[in-house]
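Notes for the one structure printed next.
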Number of protein chains: 2
Amino acid sequence: MMKNLPHKTIERLSQYRRALLICLEKGQTHIYSHEIAKIQHITAVQVRRDLMLIGYTGTLRKGYNVKDLIDLIGNIIDSTEGINVAILGMGNLGRALINYFAGKRSQLKIVAGFDINPDKIGNTMSGVPCFSSEDMNRIIREKNIKVGIMTVPAEFATSTAEQLVKAGIRGILNYTPKPVTVPDSVYLEEYDMITSLEKVAFFVKINED
Amino acid sequence: MMKNLPHKTIERLSQYRRALLICLEKGQTHIYSHEIAKIQHITAVQVRRDLMLIGYTGTLRKGYNVKDLIDLIGNIIDSTEGINVAILGMGNLGRALINYFAGKRSQLKIVAGFDINPDKIGNTMSGVPCFSSEDMNRIIREKNIKVGIMTVPAEFATSTAEQLVKAGIRGILNYTPKPVTVPDSVYLEEYDMITSLEKVAFFVKINED
DNA sequence: GCGGTTTTGTTAATAATTTCACATTTTCTG
DNA sequence: CAGAAAATGTGAAATTATTAACAAAACCGC
């Protein structure tokens, strides 16, 4: 059920939810499609179409119920039991991600970090214990970790991905600038910050005329 | 010229270049479309189409000249004079980005960081001086900074974006989880790490059947 | 140097995504 | 209470992005 949602829609639903959570905190009970659209810099039709795809029906003239919509999006994209996540590489980026998530209510729990630096191993950072990369296989299985976020230096990207796959990971989010290869059974998402910056720079350049 | 390249193509060109630079270092002089494709997890046709769009012609049976292609991609996406970049928020994520860029040859130079923490202001991190956010307007103009990368906490996202716009920035890469609004004249790219992680978790969930 | 193989470049086809256009319903205003 | 305004929901059209298919050229082995 709901397996056929477009990738883009999944991304937007996640973003809608975050915007909606902010509205909820402010005490807002209803929201119009064009309000959501404005926050996300997209069109109102796009919002309505996405909500149509997940079968949510708003109220004419009142818009969408913020609380209900948050719950429905949660039903779609969250896993009922929650998903445990590990950070591979407790450098600046790894710690940034941990802090980012700290305190966020979420079905996604960062339950372990891994590093090869002996000074870090055994410590806890923002509530996340740091283990030795050598124990990756054991810890991932013990803690039932399903997703790994790779924030290691590029030269360790390939070997880290291999270790993760061997440990039975189900999804990898790769923030290193080095693309990795994994079996089809592992979902892989790669994001390269340099590419994003180069893209911004490109459009700045061509806008200068 | 070259203003009509699809956004996706721009992103891929940046990625091709990074893969090509690694090949160049290894002494490889030529590469086939299917080799590039494999690294990037896309099809060879896609690669050839992208290169067609930028007017690059390879050699039949020998593939593409690595050096030439790197140069051509540089001509397309880089700005001739280079572009100066600032990091807004010298926390973990800001420092991660600086280290990421340190030593990379690139037309993109991170020339300033900004923060409100007095302990950081006046220091230099990986060669990047940290200034007070209060001096943002002056420094951005003095140093001819065109692009800002926002890595501040979410609650400062809106005000930081406003400051940047006032200082005459031309492009913003927003890594905070809070969407911001800028005039059309400023190119805006937003990236939310939580969305990416939620997306990976979603596809892990639905693959479990 | 001939037949088979490999690779590029490109047109045409397909697929994915977004936008248009508008019917429908609700609320507001006079 | 009639007409105007504002909002949703959605089929159809348009746009954007990807893949298929294949001609043409280059090289290899014999």
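Fair warning: this is a prediction, and the values are worked out from it, not measured in the lab. Naming convention: chains lettered A, B, ... in sequence-line order (proteins, then strands); numbering from 1 in each chain.
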Nearest-Å distance, [atom1] ([X]) to [atom2] ([N])?
{"X": "B:Lys8", "N": "C:dT18", "atom1": "NZ", "atom2": "P", "result": "9 Å"}
{"X": "A:His30", "N": "C:dT27", "atom1": "NE2", "atom2": "P", "result": "11 Å"}
{"X": "A:Gln46", "N": "D:dG9", "atom1": "CD", "atom2": "C1'", "result": "15 Å"}
{"X": "B:Asp50", "N": "D:dT18", "atom1": "CG", "atom2": "C1'", "result": "10 Å"}
{"X": "A:Leu60", "N": "D:dT8", "atom1": "CG", "atom2": "P", "result": "8 Å"}
{"X": "A:Ile31", "N": "D:dA6", "atom1": "CD1", "atom2": "C1'", "result": "16 Å"}
{"X": "B:His7", "N": "C:dA16", "atom1": "NE2", "atom2": "P", "result": "22 Å"}
{"X": "B:Leu51", "N": "C:dT8", "atom1": "CG", "atom2": "P", "result": "9 Å"}

**Request:** With DNA chain C as reference, determine whether A:Thr9 or B:Ser33 sits nearer its 5' end, using the nearest nucleotide of each.
**Result:** B:Ser33
**Message:** Quick one about B:Tyr187 and A:Asn207 (side-chain donor to acceptor, distance below 3.5 Å, no hydrogens or angles considered), yes or no?
**Reply:**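 Result is no, nothing qualifies.
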**Message:** Please tell me whether B:Asn144 and B:Arg141 have a donor and an acceptor in their side chains that are separated by less than 3.5 angstrom.
**Reply:**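 No.
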Do the side-chain N or O atoms of [X] get closer than 4.0 angstrom to the phosphate oxygens (OP1, OP2) of [N]?
{"X": "A:Tyr32", "N": "D:dG9", "result": "no"}
{"X": "A:Arg48", "N": "C:dC22", "result": "no"}
{"X": "B:Arg49", "N": "D:dA21", "result": "no"}

**Message:** With a 3.5 Å distance limit and no angle check, can you tell me whether B:Thr151 reaches the backbone of B:Leu88 through a side-chain donor-acceptor pair?
**Reply:**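 The answer is yes, because a donor-acceptor pair under 3.5 Å joins these two groups.
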**Prompt:** Does the side chain of A:Phe101 come within less than 4.5 Å of A:Ser126's, by heavy atoms?
**Reply:**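 A side-chain contact under 4.5 Å is absent here.
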**Prompt:** So, do A:Met90 and A:Ile98 sit near enough that their side-chain heavy atoms are less than 4.5 Å apart?
**Reply:** yes
**Request:** With the side chain of B:Met52 defined as its heavy atoms from C-beta on, choose the nearest nucleotide among D:dT8, C:dG9, C:dA12.
**Result:**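 Out of D:dT8, C:dG9, C:dA12, the nucleotide with an atom closest to B:Met52's side chain is C:dG9.
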**Request:** Would you mind telling me which of D:dA7, C:dT17, C:dT8 lies closest to the side-chain atoms of A:His34?
**Result:**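 Minimum distance to the A:His34 side chain belongs to D:dA7.
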**Request:** Scan A:Thr57 against the nucleic acid and name what it touches under 4.0 Å (heavy atoms): base, sugar-phosphate only, or nothing.
**Result:**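 It contacts sugar-phosphate atoms only.
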**Fill in**
Tightest non-hydrogen contact, residues A:Ile172 and B:Val200, listed as N-CG1, 4.1 Å
**Message:** Does the plane of the ring in A:Tyr175 sit parallel, tilted or perpendicular to the ring in A:Tyr191? Use 30° and 60° as the thresholds.
**Reply:** perpendicular
**Terminal axes of the helix from C:dG1-D:dC30 to C:dG30-D:dC1 (five pairs each): angle between them, nearest 10 degrees** =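 One end axis against the other gives 10°.
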**Message:** I'd like to know if B:Arg61 reaches the base of C:dT5 with its side chain such that a donor and an acceptor end up less than 3.5 angstrom apart.
**Reply:**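 A donor-acceptor contact between them is present.
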